[in-house]
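I have placed the structure first, in the form of structure tokens, so that the comments after it can refer back to it.
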Protein chains: 2
Amino acid sequence: MIGVADIYAAIADPTRRLLLDELARADGQSLFELCSRLTMTHGVNSSRQAISQHLAVLESAGLVSSARVGRTKIHHLHTEPFREITERWPIPAKD
Amino acid sequence: MIGVADIYAAIADPTRRLLLDELARADGQSLFELCSRLTMTHGVNSSRQAISQHLAVLESAGLVSSARVGRTKIHHLHTEPFREITERWPIPAKD
DNA sequence: ACAATAGGCAAGTGCTAGCTTGCCTGTCAA
DNA sequence: TTGACAGGCAAGCTAGCACTTGCCTATTGT
């Protein structure tokens, strides 16, 4: 967690993948919104701190950016880093 | 390692990513060939057992298949599972 | 001003992934 | 058939990750 995490480690955790799913569904959610959604619709029951730490990992991997607005923190999804995966191990075309 | 690993956990480890790189460069290598290549050209110095365990993880994730030929074990790369990632979090088109 | 809201920081804990070590099985050449 | 080669299995160790707990800061509403 010290230093910059890579995208591979970032998406290794199921909870972090759900966070990406949530932001893909509705971009620009706050920490509390993400906590609520994960608890309500995804059956996750981690603490707010746990979710916050997960978001920090996603952010240091460049998959999420955040900006404070008043007392809330808004999160945005960035999927461009995933391009590295498809370029590194190209998927053969469907026949 | 019990049960079937998912692709996310599989590519979380740097050594396993190098194994995929090696198979992408030259498909159909044996365990010993992969060990040698990783040691020589990638600066990895893990034991044969470690590499074998990594290959087992990749295989249970569906990224690698193997077949015994005589006393050697040949490994093949399969990148189709990566399609899940790009379909789950689509990458916006470059502009 | 004061309480409630939204979030941050840091130390501590439990569990599991990655690795090693030691020994065993199967295959090929002489 | 005997030794060398290619690989498998299982137990044990260690470091790091995910998570919690406790306390702190900043912003908003009344």
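Quick note on labels: first sequence line is chain A, next is B, and so on, each numbered from 1.
Taking atom NZ of residue A:K73 and atom C1' of nucleotide C:dG8, one finds them 9 Å apart after rounding to whole Å. One can place CD of B:Q53 at 11 Å from P of D:dC9, the figure rounded to the nearest angstrom. In this structure, A:D13 places its CG atom 13 Å from P of C:dT16, rounding to the nearest Å. Put simply, CD1 on B:I74 is 11 Å from P on D:dA6, counting in whole angstrom units. When the C1' atom of D:dC19 is taken as reference, atom CG of A:L19 falls 14 Å away, rounded to whole Å. Between the CG atom of B:L55 and the P atom of D:dG7 there is a distance of 10 Å, given to the nearest Å.
Ranked by how close their nearest DNA chain C nucleotide is to the 5' end, A:T72 and A:Q49 are led by A:T72. Both B:H75 and A:N45 sit near DNA chain D, but only B:H75 has its closest nucleotide nearer the 5' end.
A salt bridge links B:R25 with B:E22: at least one charged nitrogen is closer than 4.0 Å to a carboxylate oxygen.
In the interface, the side chain of B:R48 is paired with the base of D:dG8 through a donor and an acceptor atom under 3.5 Å apart.
Remark: side-chain polar atoms of A:R17 are paired, donor with acceptor, to backbone N or O of A:I11 under 3.5 angstrom. Between the side chain of B:S66 and the main chain of B:H75, no donor-acceptor pair closer than 3.5 Å is present. Listed for the B:D27 side chain is a donor-acceptor partner under 3.5 Å among the backbone atoms of B:L77. For the pair B:T39 (side chain) and B:C35 (backbone), a donor-acceptor distance under 3.5 Å is present. Of the possible polar contacts, none joining the A:S52 side chain to the A:R48 backbone as a donor-acceptor pair under 3.5 Å is found. With hydrogens and angles disregarded, a donor-acceptor distance shorter than 3.5 Å links the side chain of B:E33 to the backbone of B:S30.
For DNA chain C, none of the residues of residues 28-42 of chain B falls under the heavy-atom distance limit of 4.0 Å.
The side chain of A:A50 lies closest to D:dC19 when the candidates are C:dC19, D:dC19, C:dG18.
When all heavy atoms are compared, the tightest approach of B:T79 to A:P92 is OG1-CD, 3.0 Å. Closest approach of B:A10 and B:R16 over heavy atoms only: O-NE, 2.6 Å.
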Polar atom pairs (N or O), protein with nucleotides 26-28 of chain C, under 3.5 Å:
from, atom 1, to, atom 2, distance (Å)
C:dT27, O2, B:R71, NH1, 3.3

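Between B:L19 and B:H54, the closest side-chain pair of non-hydrogen atoms falls below 4.5 Å.
Within the 4.0 Å cut-off from OP1 or OP2 of C:dT20, at least one side-chain nitrogen or oxygen of B:S47 is found.
The hydrophobic clustering, which links ILVMFWY residues whose side-chain heavy atoms are closer than 4.5 Å, places A:L31 and A:V44 together.
Comparing the end axes of the helix from C:dA1-D:dT30 to C:dA30-D:dT1, each fitted to five base pairs by superposing C1' atoms of four pairs onto the next four, gives an inter-axis angle of 30° (nearest 10 degrees).
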